Amino acid sequence: MALPAASRAAPTQANDMFATAPMPGAVRPMQAGESVLDPRRFLQLVVARNAEIAYAQLQADIAARGLDAESTVYQITSYGGIRHEQRERQRTVEEQLSTLLARVNVLDENVNTLESGVKWRTPSGADMSLSVRHVDRRNNLIATTNGRTLESNASMVLTLRQPLLKGAGRDAVETDLRIAELEFDIGRWQYRQQLMKMGGDALGAYWQLQRAYLAHPIRLKLLDNARDALRDVREREASGRVPPTAESETMVVVSARESDVFKSLQTIAEAEARVRVLLDLPPTDGKWALFDDWSVVRGIDTRTSPDARLASALDAWPAYRVARLRVEQGEYRMRFAKNQTLPQLDVQASYGTNGLAYGQRDAISIASRDRYPDWYVGIGFEVPIGSVTRASAQYEGQALKLRQAELESQNVRNSLMNDLFSRAEAYRLTLQDVDQLNADLGSRTELLTADRNAFRDNLAPRARLLRREADVLESRLRLLEGEARLHTARTLLSISEGSLLTDYGIEVFP
């Protein structure tokens, strides 16, 4: 989808003095009333449309789903089952002798079992369950003893398995949950990091395109100036005032200027293609009207101390925040691995009630009155044999990974310190360079004005005036290059400061 029509207008001219007849492929001046694509709006469009940013957003969403999954660690689970059994078998001699019905040598039986309950986990690491079981039994033995056909057995049971060493406590139970929470935060910071990376690339492409648009009419003017100089040399050569080689030397300058114009067109095409890629636009999309928004190139707050600026930058620097979150993940994993090195020692307990009757309701009624309890308490243990175990090896590995994460965090911090210092210094020096280029342009413009007056009064030759005009145009090109470097330096500094997104009105978590 292309940008709005007003945003796909041609770029502005650098100055009215460069409004010349366009060459093939030359850009036209922006018309009155056309909208411009300023850096703020451009960066917001990149955030909304860029495929790499959308991919990073999906990664953050995946991490959020992972957190949702691990948040069910204490979720209560219901379970149940129904089973039907049918058997017809011979009774053993022992079975026959142990009952009054010795003459019944075949058991014909049907059993229906219904069981349902809930189970859950506690922060202490205990696994608990509460279940209800109902068994209906029909066979030929029941019918021959008392004339009934059904025997019902109901039971309600509460079971507990509480680890005392290995697997006990929140460090063992909530490790995956805490890691998922940190992974969720990492996903959000990585999304922010991708935004800042693509934002820096996008602004670099914007300044490159702006520089190409503004430089092109200046190069056209330099070409016109070289052609005027060639005509002047030919006139003076015809009158014998310059040697014949002067025309050849001037032709070399004209050829160089023509080459610069075609290179400028190529630069525009490449910069426009880069912008289309960033905005996910088709190759047929048109040109854009750009605006040199100097308000976004703000100065450095010298009132803030370097330490305070570093602390603020670290707080907003995604790579450092991700590194610190990795350290926290390593600490959780190491604590879990340490817990797993402990022996397995569990307390197991169960308490239930039973009810046996010749009817379903009677069996349930008896079981609910707790007249026939059934319980047990026990301890189980499990200890690996040997000096090196799987758990101890995993613990040592996690300790090394934690050390690795801490080293990475320190490295990122040092890298940011150096980047912040070097980019602040680069911005300061580039600002001084732009001031010097502005002063140079002002001086050359004054000389051009003086030569124009002298030429008007027939006190200066036309060749000198043309050289002065070329000097001013080349000074404008140098100033344009300096301004582009200043934009880039400010962008890099704002990335290091962590303020790039807020500077351009982009709100993002956290």
Side-chain angles (χ1 to χ4, degrees), residues 1-9 11 35-65 183-213 270-298 312-313 315-322 325 416 419 423 484 487-510:
M1 182 180 67
L3 293 173
S7 298
R8 291 184 277 112
S35 298
V36 295
L37 185 62
D38 59 38
R40 183 186 183 93
R41 181 173 175 233
F42 174 67
L43 190 55
Q44 292 173 352
L45 286 173
V46 169
V47 171
R49 299 177 58 85
N50 184 260
E52 293 185 40
I53 292 177
Y55 180 84
Q57 175 67 68
L58 290 175
Q59 286 294 107
D61 292 341
I62 291 172
R65 300 292 83 77
E183 196 65 35
F184 173 65
D185 290 338
I186 287 172
R188 296 194 300 171
W189 279 106
Q190 287 178 336
Y191 173 63
R192 186 185 183 95
Q193 185 176 24
Q194 185 65 27
L195 282 177
M196 293 177 66
K197 175 184 177 298
M198 293 306 302
D201 292 347
L203 290 175
Y206 183 91
W207 304 131
Q208 180 185 4
L209 181 59
Q210 182 202 73
R211 179 181 59 186
Y213 278 170
E270 292 173 353
E272 289 178 342
R274 176 60 178 153
V275 169
R276 291 189 187 98
V277 170
L278 288 167
L279 295 177
D280 195 24
L281 296 174
T284 54
D285 197 83
K287 298 181 182 299
W288 301 274
L290 304 185
F291 179 65
D292 186 2
D293 186 4
W294 277 92
S295 64
V296 302
V297 187
R298 56 181 177 82
S312 176
D315 188 61
W317 185 242
Y320 181 73
R321 295 297 296 269
V322 168
L325 291 170
L416 177 59
D419 282 349
R423 289 175 177 179
H487 283 300
T488 302
R490 178 59 248 182
T491 299
L492 293 175
L493 179 57
S494 64
I495 290 175
S496 295
E497 291 176 333
S499 62
L500 178 69
L501 301 179
T502 54
D503 285 349
Y504 288 87
I506 298 174
E507 298 296 333
V508 62
F509 49 73

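Here the structure is a predicted model, which means the values were calculated and not measured.
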Engineer: Leu45 and side chain to side chain contact (heavy atoms under 4.5 Å, CB included): which single residue from Leu279, Leu281, Asp280 fits?
Structural biologist: Leu279
Engineer: Closer than 4.0 angstrom, basic N to acidic O: yes or no for Arg321 and Asp315?
Structural biologist: yes
Engineer: Can you measure from CD1 (Ile53) to OH (Tyr191) and round to the nearest 0.5 angstrom?
Structural biologist: 6.5 Å
Engineer: Output the distance between atom CG (Leu278) and atom CZ (Arg49), rounded to the nearest 0.5 Å.
Structural biologist: 11.5 Å
Engineer: Just by distance, do the side chain of Gln44 and the backbone of Tyr504 share a donor-acceptor pair under 3.5 Å?
Structural biologist: yes
Engineer: Measuring from atom CG of Leu416 to atom CD1 of Ile495, what distance do you get when rounded to the nearest 0.5 angstrom?
Structural biologist: 12.0 Å
Engineer: Kindly indicate, with the supporting measurements, whether the criterion salt bridge (charged side-chain N to carboxylate O under 4.0 Å, His left out) is fulfilled by Lys197 and Asp201.
Structural biologist: CA-CA 6 Å; Lys197 175 184 177 298; Asp201 292 347; 3.4 Å; yes
Engineer: Check the angle between the aromatic planes of Phe42 and Tyr206 and answer parallel, tilted or perpendicular using the 30° and 60° thresholds.
Structural biologist: tilted
Engineer: Measure the CG-CE distance between Leu203 and Met198 for me, rounded to the nearest 0.5 Å.
Structural biologist: 11.0 Å
Engineer: Would you call Arg274 and Leu209 a side-chain contact if the rule is heavy atoms closer than 4.5 Å?
Structural biologist: no
Engineer: Run the numbers on Glu272 and Arg276 for salt bridge (charged side-chain N to carboxylate O under 4.0 Å, His left out), then give the verdict.
Structural biologist: CA-CA 6 Å; Glu272 289 178 342; Arg276 291 189 187 98; 3.7 Å; yes
Engineer: Just verifying a value: how many Å separate Leu195 CG and Glu52 CD, rounded to the nearest 0.5 Å?
Structural biologist: 11.5 Å
